[in-house]
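Fair warning: this is a prediction, and the values are worked out from it, not measured in the lab.
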Amino acid sequence: MGYMQDKVFVREITPRAQDYSQWYVDVATRAELMDYSPVKGCMVFRPYGFGIWERIQGALDPKFKATGHANAYFPLFIPESFLKKEAEHFAGFVPEVAWVTHGGGEELAERLAIRPTSEAMICHMYARWIQSWRDLPMLLNQWCNVVRWEKATRPFLRTTEFLWQEGHTCHATEEEAERETLQMLDIYRETFEEDLALAVVPGRKTEAEKFAGALRTYTVEALMSDGKALQAGTSHNLGQFFARVFDILYLDRDGQQKHVWQTSWGVSTRLIGALIMVHGDDRGLVLPPRVAPLQAVIVPIAPQRQRQEVLEAVRQLHADLAGRFRVKLDDREEHSPGWKFNEWEMRGVPVRIELGPRDLAAGRVVMVRRDDGAREEVALAEVARRLAELLDEVQAALRRKAWTFTEQHTRIVGDSSSFRSTLEECRGLLVAGWCGDAGCEARVKADTGATIRCLPLAGAKTPVAEACREAAGAPCVHCGRRGGQVVVFGRAY
RNA sequence: CGGGGCGUAGCGCAGUUUGGCAGCGCGCCUGCUUUGGGAGCAGGAGGUCCCGGGUUCAAAUCCCGGCGCCCCGACCA
């Protein structure tokens, strides 16, 4: 029996074309990535969903370490007075802060903010720890939760509490801070491409879109299958803004007290949302093998008469594979093989291995890819070798597919009159000239809902690179002035 | 914060218009038969009809107030 793309076996997932938002929620819940909790906007990461986050951590953390960063952990609670120090910067996110007013049954003398981010706490500590140029660079990262009281929440994409990593570094010079900022951006890009199989556009944010208080904000943008862009990770050159506010000073070789130059960079569990939306299809989740909690599932077809032989064979196979792959043997008796096929496809397991009486007799298994449904027979002795290849092939295919999709949903737009219609038609990214004026940027946003996702980095190999080359020298899409630059517009999450 | 939709068994829903025994499908439990794309039969368990008032002989249903969830928009380091 074939894969039968068109046949609907399971009706638990709303088709994307019918209701994309509902499809997204269906996949997130039915695949058992998450569940809603009794507290608004706070979701539970179920083991399967948390497993993806663990894989993402597993891909990023060694790269942080390899570039000299160490992990640390700072407190969840931040005294109100700390946040007031950065009043200007803080004012912007006051509405999103959750406060602790009581402890041990008594009202606190000073309210404590639950961190929306850790700049204030970490900078306070940096001021104590950094005295001399010899203390630099200071390269720390922390994996933690943060809370932002959002009005509208969506699983993974925007939740009240979420998990992330925040890197915070201090440097002696602006140049070194800039190098660090770009280095971490590139680590994100590389990991998104190689492990998450995403097609991404690294670039710089405009003044309007950058992190308040940062000198420059860099981003890695990815296009979702509904045509909206997602900011998948950011890296900020903070300049000396926080160093001045928190008095982070060092005595330089020349005997002068100087403020440090800082960076911060982060990715969050929002990346799981990106995985769902970039790779998923109408049958459910599709996970890239490198971040999939389960890379393969073994489904025995064990009719009564050959039950023992089949079970013995799949147990042996599972034992052979378990050391090298994240593999599960689904030998539950309460479900039929067909039920399991659908279930594991819905949950995005990259490869399924079937073994039944016919296979046993022939000394082989049937292997089926989740991404394209291709099936093949493989000799038992070859399963491990072939599985390794298949996982690589699936990984590469997903990455290629995401790349092609982004390429095909990118258009060059020359003037504002055709902006909206082109955006509707291509359902993706628009490459256009921009004079650099914030007014033009705001006007386009007000007229079309599209924002400048980024000013793409020159020379980067991206799915929009060709369009950017073609559009080079184009006049501003809003005012027609020349001499600006090429930017990427899109509607964003 | 604005617009829309919805709250009835674990999940999906019907019942609400016109008040009158709390229902259906899936799932769950037990047994038997089954197993190559969500198996069949038989038996069974499971309810604060979102919450609080009111009207009534009688409220899931009508009236008043509140809460929550989902989607869209605005906002968002």
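A donor-acceptor pair under 3.5 Å links the side-chain atoms of Arg347(A) to the main chain of Ala31(A), judged by distance alone. No side-chain donor-acceptor contact under 3.5 Å links Trp261(A) to the backbone of Asn237(A).
Within the nucleic acid shown, Pro357(A) comes within 4.0 Å of at least one base atom, counting heavy atoms only. Counting any heavy atom pair closer than 4.0 Å across all strands shown, Asp359(A) reaches a base atom. Residue contacts shown for Arg491(A) are absent, as no nucleic acid heavy atom lies under 4.0 Å away. At the heavy-atom level, Ala214(A) lies nowhere under 4.0 Å from the strands shown. In this structure, Val25(A) reaches the sugar-phosphate backbone alone: every heavy-atom distance under 4.0 Å involves primed, P, OP1 or OP2 atoms, never a base.
You'll find that the side chain of Val366(A) is closest to G36(B), out of G37(B), A39(B), G36(B). With distances taken from any side-chain atom of Arg154(A) to the nucleotides C76(B), C72(B), G36(B), the minimum falls on C72(B). Checking C75(B), C71(B), U34(B) against the side-chain heavy atoms of Lys445(A) singles out C75(B) as nearest. Ranking G12(B), G37(B), G36(B) by closeness to the Glu354(A) side chain, first place goes to G36(B). Looking at the side chain of Ile301(A), the nearest of the listed nucleotides U35(B), G12(B), A74(B) is U35(B). Side-chain atoms of Gln304(A) lie closest to U34(B) of the nucleotides G73(B), G37(B), U34(B). Taking the side chain of Arg307(A) as heavy atoms from C-beta on, and the options U35(B), C76(B), G37(B), the nearest nucleotide is U35(B). Counting only heavy atoms from C-beta on, Lys151(A) has its side chain closest to C1(B) among C1(B), C70(B), G37(B). Out of C28(B), A39(B), G37(B), the shortest distance to the side chain of Arg283(A) is found at G37(B).
Base pairing of C11(B) is made with G25(B), judged by Watson-Crick or G-U wobble geometry with both donor-acceptor distances under 3.5 Å. For G2(B), the paired base is C72(B) (Watson-Crick or G-U wobble, both distances below 3.5 Å). Using N1 to N3 plus N6-O4 or O6-N4 for Watson-Crick, or N1-O2 and O6-N3 for G-U wobble, each under 3.5 Å, U16(B) pairs with nothing. Across every strand in view, G31(B) sits in a pair with C41(B) that passes the Watson-Crick or G-U test at under 3.5 angstrom.
Contact of Arg375(A) with G36(B) (side chain to base): no donor-acceptor pair of N or O atoms is detected under 3.5 Å. Within 3.5 Å, a donor on the side chain of Arg158(A) pairs with an acceptor on the base of C76(B), or the reverse.
Between Phe341(A) and Lys210(A), the one whose closest nucleotide on RNA chain B sits nearer the 5' end is Phe341(A). Between Glu209(A) and Ser21(A), the residue whose closest nucleotide on RNA chain B is further toward the 5' end is Ser21(A).
The separation of C29(B) from G65(B), taken at their C1' atoms, amounts to 42 Å, rounded to a whole angstrom. To the nearest whole angstrom, the two P atoms, one in C21(B) and one in C26(B), are 25 Å apart. The separation of U18(B) from G27(B), taken at their P atoms, amounts to 38 Å, rounded to a whole angstrom. Spacing of C1' atoms, G3(B) relative to G40(B), comes out at 49 Å, to the nearest Å. To the nearest whole angstrom, the two C1' atoms, one in G46(B) and one in C64(B), are 34 Å apart.
Ring pair Phe242(A)/Phe246(A) is parallel by interplanar angle, where below 30° counts as parallel and above 60° as perpendicular.
Between His124(A) and Trp129(A), the distance separating the two ring centers is not shorter than 6.0 angstrom. You'll find the ring centres of Phe64(A) and Trp265(A) inside the 6.0 Å limit.
Evaluated for a side-chain hydrogen bond (donor to acceptor under 3.5 Å, both in side chains) with His69(A), the options Glu180(A), Lys63(A), His168(A) yield exactly one hit, Glu180(A).
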